[in-house]
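Heads up: the structure comes next, in structure tokens.
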Protein chains: 2
Amino acid sequence: MDASAPRTRIQEKNTAAILDAALDAFSQAGFRGATLDDISRAAGLSKPNLLYYFASKEAIYVQVLSGVLDLWLDPLKELTDDGDPIEEVVAYAQRKLEMAREYPRESRLFANEILQGAPRILDIIEGPLKQMVDEKAALIRGWTRAGRIADIDPYHLIFSIWSTTQHYADFDIQVRGILGPGNGHFEDAAAFLEHLYRSALTPR
Amino acid sequence: MDASAPRTRIQEKNTAAILDAALDAFSQAGFRGATLDDISRAAGLSKPNLLYYFASKEAIYVQVLSGVLDLWLDPLKELTDDGDPIEEVVAYAQRKLEMAREYPRESRLFANEILQGAPRILDIIEGPLKQMVDEKAALIRGWTRAGRIADIDPYHLIFSIWSTTQHYADFDIQVRGILGPGNGHFEDAAAFLEHLYRSALTPR
DNA sequence: CGTCTTCCTGACCAATTGGTCAAACTCTTT
DNA sequence: AAAGAGTTTGACCAATTGGTCAGGAAGACG
């Protein structure tokens, strides 16, 4: 069966349940740590039925990962030359932080994949992702040359935005262990990141 | 056998080989992803011989993790009231970056553990680690109150230092995929982070 | 209603994996 | 060199896990 294009209502419902359960499982335990039994139990289906919809564990993982990738690399596209450069960058950081809050499972799955050496998406990183980052880095370089922002390495700026924002999803347990439960710290993080990038980018 | 206190030369050599191989394996594949066969092969020992030195896979992992924790939480201790506050924070970030360069395996193992929900070290996070962070946060708060640095959330400052520096170890593949191979980017990262934190902390 | 397709399951399988154990080997010590 | 401790291994085991398969149940449709 090809579950990438559901044709009936039952297929649609079940593939959605599988992918959601799989996102849960894979993001918590990694590819190897998650089992088909876990996923099928969480999806409310039998294991053979899982494999009726997807050819293999790998196939499930790849489809989940593919969905995550689309979602994950999207916000960067919106970093454009439209408004004030500093506001653009700050807004991008806020958008990424929002993603970490709204989609922690996706963030963790991505982190897991990269940690294991990105065996399935290395070509995407070295291809489309690199290309987009190069593009945005050139844009930022242009702002620096025009004197609109401080002289700053655009690649490491982007890396720092990725890391600081995703930290609140990937290291969630650590953050909560230190700050206590609840979600209030996201407000503080937003304010902190705004200050961090505004001060780093403001020409002096 | 209790491998935590080697008594003979053979024990010393073999436990060291096992722990090193285990650090390799666990940091690359996580606890579940790594197998005793992997570890024993890399250590040049038979599997039963591994289990002569360590009671179980879990015991190996715990000992490796314990070593990593000691190493990992150390640099923060050196953040003191000795010199100029801004230089102190910048130096801390540089130290952490240096750790990411020197000990990427340790960084990844730690990241893996936290990602999986820190099942084995949650008490350390909520206890000693939280305590030390609280302490350092109070120190930084004091600097702000004295007008020596900008008004900034000390907890999120520490989180951002952790995330930006560890990113170069944990997301190494992504960084290299975008910047190309080699280690030259660590110099650029050091310069970037210095600028980032200097500008964020300088009172305006 | 009957038929054809889609959906689902119990039973089963081979491979992997963490771990055991008795026996053998080697090194140290007296 | 003999005793005794420390070290190593091959053979084995039970549990888990990804995956298969033949057949049955349930929908869709003319």
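In the text below, chain A, chain B and the rest are named by the order of the sequence lines, each starting its count at 1. All of these numbers come straight from a predicted model, not from anything done at the bench.
Rounded to an integer number of Å, the gap from CG of B:Asp38 to P of C:dT17 is 7 Å. Summarising the geometry, the separation between CG on A:Leu36 and P on C:dA14 is reported as 19 Å, rounded to the nearest angstrom. Distance CG (A:Asp37) to P (D:dG19): 12 Å, rounded to an integer number of Å. Per the geometry, CG belonging to A:Leu45 stands 12 Å off C1' belonging to C:dT9, to the nearest Å. If you measure from atom CD1 of B:Ile39 to atom P of C:dG19, you get 10 Å, rounded to the nearest angstrom. When rounded to the nearest whole Å, the span between NZ of A:Lys57 and P of C:dT16 equals 14 Å. Taking atom CG on A:Leu50 and atom C1' on C:dC7, their separation rounds to 13 Å, with Å as the unit. The OH atom of B:Tyr52 sits 14 Å away from the C1' atom of C:dA24 (whole-angstrom rounding).
Side-chain rings of A:Phe159 and A:His156 approach one another, their centers coming within less than 6.0 Å.
Using a 4.0 Å cut-off, no side-chain N or O of A:Arg32 falls inside it from OP1 or OP2 of D:dT16. A sub-4.0 Å separation between OP1 or OP2 of C:dT9 and a side-chain N or O of A:Asn49 is present. Phosphate contact (OP1/OP2 of D:dG6, side-chain N/O of B:Gln11, threshold under 4.0 Å): absent. Residue B:Ser46 places at least one side-chain N or O closer than 4.0 Å to OP1 or OP2 of D:dT9. Side-chain nitrogen and oxygen atoms of A:Asn14 include at least one within less than 4.0 Å of the OP1 or OP2 phosphate oxygen of C:dC8.
With DNA chain C read from its 5' end, the first of the two nearest nucleotides for B:Gly33 and A:Arg9 is the one closest to A:Arg9. Nearer the 5' end of DNA chain D, as judged by each residue's closest nucleotide, is the contact made by A:Ser56, out of A:Ile10 and A:Ser56.
Under the 3.5 Å distance criterion, with hydrogens and angles disregarded, a donor-acceptor pair is assigned to the side chains of B:Tyr61 and B:Glu113.
Salt bridge present: A:Arg101 and A:Glu187 bring a charged side-chain N and a carboxylate O closer than 4.0 Å.
When distances are taken from the side chain of B:Tyr53 to each of D:dT8, C:dT9, C:dG18, the shortest belongs to D:dT8. Between D:dT8, D:dG6, D:dC21, one nucleotide has an atom nearer to the side chain of B:Thr8 than all others, and that is D:dG6.
Two residues are said to be in side-chain contact when any heavy atoms from C-beta on lie closer than 4.5 Å; A:Ser160 and A:Tyr197 meet this criterion.
Across all strands, A:Leu51 comes closer than 4.0 Å to base atoms (heavy-atom distances). Residue-level contact check: B:Ala59 touches neither bases nor backbone, having no heavy atom under 4.0 Å from any strand.
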*Begin from the C-alpha positions of A:Lys130 and A:Asp134 and carry the test salt bridge (Lys or Arg N to Asp or Glu O under 4.0 Å) through to its verdict.*
CA-CA 6 Å; A:Lys130 173 177 164 45; A:Asp134 283 342; 3.1 Å; yes

